[in-house]
Structures are given as structure tokens and as C-alpha cells.
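Everything numeric in this text was worked out from a predicted model, so none of it was measured. One is the number of the first residue; the rest follow in order along the sequence.
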Amino acid sequence: MTKRNATQAADSAEEKKSKQAALVQTESQTQILKPELYTSIPKQPKEKKPGQLTKKQLEEFFNRGFLVLEDFIDHKILDNIRNDIEKQVDDLAEKLFNAGRIKNKHEDKSLLNRLTHLEKEYPGIAVLLHKSDYVSPAFQKLWSYDKLLNVVEQIIGPEISGHPVWNLRPKVPNNEQLTVPWHQDNAYFEPSAIGTFLATAWIPFVDAKKENGCLQMIPKGHHKGMTATHTCCAGGTWYVDLSPEDMKKELNLDAKDAVTCEIPYGGVLLFSNCIPHRSLENLTNSIRWSVDLRWQRTGDPVSSFGNCVIMRTADNPDLKIDWSPLTDVKEGRNKKQDLALGNDYDEFEPVISGPWMTRWKIVNHNKHTAQHQSSEVNEPEHKP
């Protein structure tokens with residue numbers, strides 16, 4: 001071997017070694033995070049503002065990983081959203097009727113049962129609403145509600161952006177597609193944003209109780225700052241699943257320690273993207289409506305398709321929010337996600353697939369994973 005070839009071989013070996021080291025580091029970062037990211041209380045604002053958490057509440061949030069706030073949101077804001085949801089259901093029923101997909105729009109039914117009847121005619125209609133991208137003025141008002149932003153500022157700091165992953169959840173009774181198994185939200189997001197802290201507000205539009213499918217949380221499940229091994233997908237859904245066995249082995253948590261978080265109308269459940277949680281099945285005859293909204297520090301990596309919306313900044317207290325990144329349905333996150341994965345976007349197709357299906361091992365196949373696999377082109381092996 002000539003000296004030049006030897007040098008090239010050495011450089012190639014060194015480059016390969018460097019890439020392997022970087023890969024190991026990247027894979028490690030998908031699993032291990034700095035615990036302090038989720039357990040350290042940031043510097044608090046000096047100004048007293050409506051809705052701010054007490055010192056005890058802040059300590060509870062960062063220690064337990066979640067916090068329940070009762071009687072927090074003005075009922076008028078929630079009432080307006082209920083009216084807005086009724087219109088969304090009406091518009092969707094009209095579209096399906098005009099397209100010949102349903103024969104009865106069930107206009108005589110209420111917000112709490114209409115979708116249940118529509119589901120019988122068009123299974124998956126609730127998933128279509130869950131995939132909704134449009135953030136109406138009523139939802140904009142809730143997302144940028146001063147009391148909520150004042151709390152978020154205490155949790156992540158004064159530079160606040162709304163995260164593009166938000167979900168309207170119409171929990172139709174006894175419907176597998178709407179019952180979410182144990183998971184950490186980090187399991188859905190890209191490893192490239194593994195150091196981004198997300199503050200989540202889960203807000204019901206009815207009294208959320210155990211019987212109609214409220215959430216359960218595992219206290220202190222974020223203390224290791226670690227995303228445990230998940231699998232995909234649970235039953236006939238698109239949801240990742242954190243088994244009680246892996247939860248015990250990797251996070252040293254017992255699902256038996258779960259706390260059931262019943263939230264009254266006007267209340268909020270706050271949590272981070274690292275805490276293990278799930279939703280219970282709706283065993284009533286009434287739909288449990290809710291939304292989950294998220295915020296992150298402006299400038300931190302975004303862990304999904306879509307764009308953030310800047311909602312607050314220390315430099316401009318009179319900031320006027322530009323909602324266009326979230327109101328342009330032509331560029332909605334679900335459409336972007338489908339197109340990025342090589343799927344044709346169909347507004348009437350109740351199927352959801354995403355990059356988490358590449359990140360985690362698929363152990364259960366269904367129509368959601370089938371769409372994802374049909375779009376795979378030279379994708380890497382499933383790795384946590």
C-alpha cells in the first residue's frame with residue numbers, strides 16, 4: 001500500500017469511527033436526557049400576574065411531573081369552543097353527506113352524542129376530527145389565554161411559542177381508536193429535538209371523570225429524564241405503547257401507582273413531555289371532548305412537522321400573534337406529514353401514520369402501520 005493510500009485508508013477509518021461515535025451518541029440521546037431538564041424550576045418572573053402558580057404548586061409540578069388546576073379557565077371561553085366544535089362536526093357531516101359517504105347527518109343530535117351516531121355510519125369520523133389542522137379563533141383565544149401563558153412562563157421562561165402538535169380529542173364511548181395506552185409524549189417526537197421541554201395543558205370541554213375517560217399519570221416518572229422503550233402500534237390504532245414491564249425495568253415505575261386525574265369543566269391538567277400517562281376508556285353514553293395544547297421555548301428544535309407560533313416574548317410585551325402557520329390548512333401538519341412520508345393526503349381517510357413508526361419497533365400491524373410501511377423508501381431499521 002502506498003503512503004497516499006495508507007493515509008486515505010486511515011482517514012476513511014477515522015471518518016467511519018467518527019460517524020459510528022456520532023450514531024451511538026444520537027441513539028443514546030433518544031434514551032437518556034438530563035433529568036434537570038424536567039425537574040429544575042427556572043428563574044421566576046418578578047412581576048405578579050393572574051393565574052400564576054404558587055411556590056408549592058411549582059414544586060409539585062416539577063417533582064410529580066403534573067399538576068391539576070381546578071376552576072382555572074373562564075367558562076365563556078370553553079362555551080365558545082363547544083359552539084365551535086358543534087360547527088366543525090356539522091361541517092364535516094355536511095361534507096361526508098355531499099360526498100355520498102353518509103346518508104343521515106343526525107342534525108337532531110347534540111354535541112355529546114351526535115358523533116357516536118355518525119361513527120356508526122362512517123367508522124373513523126372521530127379520527128378525522130382528531131386530525132383537524134385548523135385552529136379556529138375560539139381555540140386561538142384559549143391557546144393564548146393570559147392566565148395559561150402566565151403559568152407557562154413560570155415553567156419554561158418568557159420566550160414562548162405554541163407547538164404545532166395540538167389535538168382535539170372526541171372520545172366516543174367504547175372506541176379503541178380514542179383510548180390512548182401508556183406512553184411518554186417524547187416517544188412521538190423526533191430524536192433531534194430530544195432536549196426540547198414541552199409544557200402541555202390538557203383541557204376538557206366536559207367534566208372529565210374516570211368513567212368517561214380522564215387521564216392517569218405516573219408520579220415522578222420524569223425523574224430519570226429518560227424516554228423508555230416503546231412499541232408500535234397498540235391494537236388497531238396508531239398509538240405507541242409503553243408496557244408496564246418496560247416501565248418497571250427502565251424507569252423503575254409501577255403502573256399500580258398511577259394517579260387518576262379527574263378534571264372539572266374549567267380545569268386544566270399540566271404535564272411535561274417526559275411523564276408516562278394514558279387515557280382511560282369512555283364507559284358512558286356521552287362523548288368526552290378535550291384538547292391538548294403545547295408550548296416550547298422559542299428557538300428550541302421543533303419535534304414534529306409544522307411550525308411554531310410565537311405567543312410571548314420579553315422584548316415585545318405588545319406582541320400580536322401571527323396565527324398563519326397554524327391556520328393555513330393547505331400547509332397543515334397532517335398534510336405535511338403524509339406528503340413527507342410519501343402518502344396521498346385524503347381528508348376522508350381515517351388513518352394516521354407518522355415518523356414514530358420508524359423510530360419504534362412495529363410489533364402489531366394494522367391499517368395505520370400498513371400506510372406507513374407502504375410509503376417507506378430506504379428507511380432505517382426500527383431503533384429506539
*Asks:* Rounded at 0.5 Å granularity, tell me how far CD1 in Ile218 sits from CD in Gln184.
*Replies:* 10.5 Å
*Asks:* Is the shortest side-chain heavy-atom distance between Lys171 and Asn212 below 4.5 Å?
*Replies:* no
*Asks:* Are Phe66 and Val259 packed together at the side-chain level, in the sense that at least one heavy-atom pair is separated by less than 4.5 angstrom?
*Replies:* yes
*Asks:* Do Val89 and Leu78 share a hydrophobic cluster (ILVMFWY, side-chain heavy atoms under 4.5 Å, transitive)?
*Replies:* yes
*Asks:* Mind checking the CG-CG spacing from Asn174 to Leu283? Nearest 0.5 Å is all I need.
*Replies:* 6.0 Å
*Asks:* With a 4.5 Å cut-off on side-chain heavy-atom distances among I, L, V, M, F, W and Y, is there a chain of contacts connecting Leu293 to Ile85?
*Replies:* yes
*Asks:* Just to verify, which of Glu250, Lys249, Glu245 counts as forming a side chain to side chain donor-acceptor pair (under 3.5 Å) with Thr229?
*Replies:* Glu250
*Asks:* Give a yes or no answer on whether the side chain of Asn186 reaches the backbone of Asn273 with a donor-acceptor pair at less than 3.5 Å.
*Replies:* yes
*Asks:* If Ile, Leu, Val, Met, Phe, Trp and Tyr residues are connected whenever their side-chain heavy atoms lie under 4.5 Å apart, and connections chain through other members, are Leu129 and Val172 in the same group?
*Replies:* yes
*Asks:* Counting only N and O atoms by type, is there a donor-acceptor contact under 3.5 Å from the side chain of Ser279 to the main-chain atoms of Val180?
*Replies:* yes
*Asks:* Any Lys/Arg nitrogen of Asp91 or Lys95 sitting under 4.0 Å from an Asp/Glu carboxylate oxygen of the other?
*Replies:* no
*Asks:* Verify, without hydrogens or angle tests, whether Lys248 (side chain) and Ala255 (backbone) share a donor-acceptor contact under 3.5 angstrom.
*Replies:* no
*Asks:* Considering all heavy atoms of both residues, which atom of Leu149 and which atom of Ser144 are nearest to each other, and what is their separation?
*Replies:* CD1-O, 3.6 Å
*Asks:* Counting C-beta onward and ignoring hydrogens, is there a side-chain heavy-atom pair between Pro355 and Glu190 closer than 4.5 Å?
*Replies:* yes
*Asks:* Give, for atom CG of Leu251 and atom SG of Cys274, the distance between the pair rounded to the nearest 0.5 Å.
*Replies:* 7.5 Å
*Asks:* Report, as yes or no, whether the 6.0 Å neighbourhood of atom NZ on Lys209 holds more than 12 heavy atoms from other residues, nucleotides or ligands.
*Replies:* no
*Asks:* Do Glu94 and Lys105 meet the salt-bridge criterion of a basic N to acidic O distance under 4.0 Å?
*Replies:* yes
*Asks:* Give a yes or no answer on whether the side chain of Gln44 reaches the backbone of Gln154 with a donor-acceptor pair at less than 3.5 Å.
*Replies:* yes
*Asks:* Taking the side chain from His230 and the backbone from Ala228, do they hold a donor-acceptor pair closer than 3.5 Å?
*Replies:* yes
*Asks:* Run the numbers on Phe139 and Tyr134 for side chain to side chain contact (heavy atoms under 4.5 Å, CB included), then give the verdict.
*Replies:* CA-CA 9 Å; Phe139 277 94; Tyr134 178 62; over 6 Å; no
*Asks:* Hey, does the side chain of Tyr122 reach the backbone of Phe348 with a donor-acceptor pair shorter than 3.5 angstrom?
*Replies:* yes
*Asks:* Identify whether the distance between the nearest side-chain nitrogen and carboxylate oxygen of Arg278 and Asp241 falls below 4.0 Å.
*Replies:* no
*Asks:* Before giving the answer on side-chain hydrogen bond (donor to acceptor under 3.5 Å, both in side chains), spell out for Asp84 and Gln88 the whole-Å C-alpha distance, their side-chain angles and the decisive distance to 0.1 Å.
*Replies:* CA-CA 6 Å; Asp84 182 87; Gln88 288 188 50; 2.8 Å; yes
*Asks:* Could you go step by step and tell me if Asn307 and Val302 meet the side chain to side chain contact (heavy atoms under 4.5 Å, CB included) rule?
*Replies:* CA-CA 8 Å; Asn307 300 308; Val302 183; over 6 Å; no
*Asks:* Given Ser353 and Gln371, is the side-chain hydrogen bond (donor to acceptor under 3.5 Å, both in side chains) satisfied, shown in steps?
*Replies:* CA-CA 7 Å; Ser353 62; Gln371 174 174 279; 3.1 Å; yes
*Asks:* Do you know the tightest heavy-atom contact between Pro170 and Ile287?
*Replies:* C-CG2, 4.1 Å
*Asks:* Let me confirm one number: the CG-CD1 distance from Leu198 to Ile155, rounded to the nearest 0.5 Å.
*Replies:* 11.5 Å
*Asks:* Are more than 12 heavy atoms from other residues, nucleotides or ligands located less than 6.0 Å from atom NZ of Lys367?
*Replies:* yes
*Asks:* For Ser192 and Pro301, work out which heavy atoms get closest and say how close.
*Replies:* O-CB, 4.0 Å
*Asks:* So, the side chain of Gln52 versus the backbone of Asn150: is there a donor-acceptor pair under 3.5 Å, distance only?
*Replies:* no
*Asks:* Might you point out which heavy atoms bring Val127 and Ile352 nearest each other, and give the distance in Å?
*Replies:* CG1-CD1, 3.9 Å
*Asks:* Quick check: closest heavy atoms across Glu121 and His106, and the distance to 0.1 Å?
*Replies:* OE2-NE2, 3.4 Å
*Asks:* Check Lys49, Arg297, Lys43 against Glu153 for a salt bridge (charged side-chain N to carboxylate O under 4.0 Å, His left out) and give me the one that passes.
*Replies:* Lys49
*Asks:* Check this for me: does any side-chain nitrogen of one of Asp90 and Arg114 sit under 4.0 Å from a carboxylate oxygen of the other?
*Replies:* yes
*Asks:* Can you tell me if Glu211 uses its side chain to pair, donor with acceptor, with the backbone of Asn282 under 3.5 Å?
*Replies:* no
*Asks:* How about His183 and His277: do any of their side-chain heavy atoms sit closer than 4.5 Å?
*Replies:* yes
*Asks:* Find out whether Trp289 and Leu115 are in side-chain contact, i.e. whether some heavy atom of one side chain is under 4.5 Å from a heavy atom of the other.
*Replies:* yes
*Asks:* Under the side chain to side chain contact (heavy atoms under 4.5 Å, CB included) criterion, do Leu269 and Met217 qualify, and how do the steps go?
*Replies:* CA-CA 10 Å; Leu269 173 61; Met217 297 275 161; 3.6 Å; yes
*Asks:* In the single-linkage hydrophobic clustering (I, L, V, M, F, W, Y; side-chain heavy atoms under 4.5 Å), do Leu168 and Trp295 co-cluster?
*Replies:* yes
*Asks:* Between Glu159 (side chain only) and Ala314 (backbone N and O only), is there a donor and an acceptor less than 3.5 Å apart?
*Replies:* yes
*Asks:* Check whether any side-chain heavy atom of Asp185 sits under 4.5 Å from a side-chain heavy atom of Arg294, and report yes or no.
*Replies:* yes
*Asks:* What's the spacing between Cys261 SG and Leu67 CG if we round to 0.5 Å?
*Replies:* 9.5 Å
*Asks:* Compare all side-chain heavy atoms of Glu176 with those of Thr237 and state whether any distance is below 4.5 angstrom.
*Replies:* yes
*Asks:* About how many Å separate CG of Asn252 and CE of Met226, when rounded to the nearest 0.5 Å?
*Replies:* 11.0 Å
*Asks:* Mind checking side chain to side chain donor-acceptor pair (under 3.5 Å) for Asp79 and listing every partner two or more places apart, or none if nothing turns up?
*Replies:* Tyr265
*Asks:* Looking only at heavy atoms, what is the nearest atom pair of His368 and Pro350, with distance?
*Replies:* CE1-O, 3.6 Å
*Asks:* Is it true that the NZ or CZ of Lys147 lies under 6.0 Å from the centre of Phe72's six-membered ring and within 45 degrees of the ring axis?
*Replies:* yes
*Asks:* State, with a plain yes or no, whether a side-chain heavy atom of His222 is found less than 4.5 Å away from one of Phe271.
*Replies:* no
*Asks:* Which residue is it: Trp360, Trp356, Tyr239? I am looking for the one with a ring-ring contact (aromatic ring centres under 6.0 Å, His included) to Tyr188.
*Replies:* Trp356
*Asks:* With sequence neighbours left out, what residues match Ile77 under side-chain contact (heavy atoms from CB on, under 4.5 Å)?
*Replies:* Ile73, Asp74, Lys141, Leu142, Tyr145
*Asks:* Would you indicate whether Asn285, at its atom CG, is surrounded by more than 12 heavy atoms from other residues, nucleotides or ligands within a distance under 6.0 Å?
*Replies:* no
*Asks:* Counting N and O atoms only, with roles assigned by atom type, does the side chain of Asn80 sit under 3.5 Å from a partner on the main chain of Ala138, one being a donor and the other an acceptor?
*Replies:* no
*Asks:* Is the number of heavy atoms from other residues, nucleotides or ligands under 6.0 Å of Ile310 CD1 greater than 12?
*Replies:* no
*Asks:* Please test Leu148 against Ile203 for side chain to side chain contact (heavy atoms under 4.5 Å, CB included), starting from the C-alpha separation and ending with a verdict.
*Replies:* CA-CA 11 Å; Leu148 271 176; Ile203 304 168; 4.1 Å; yes
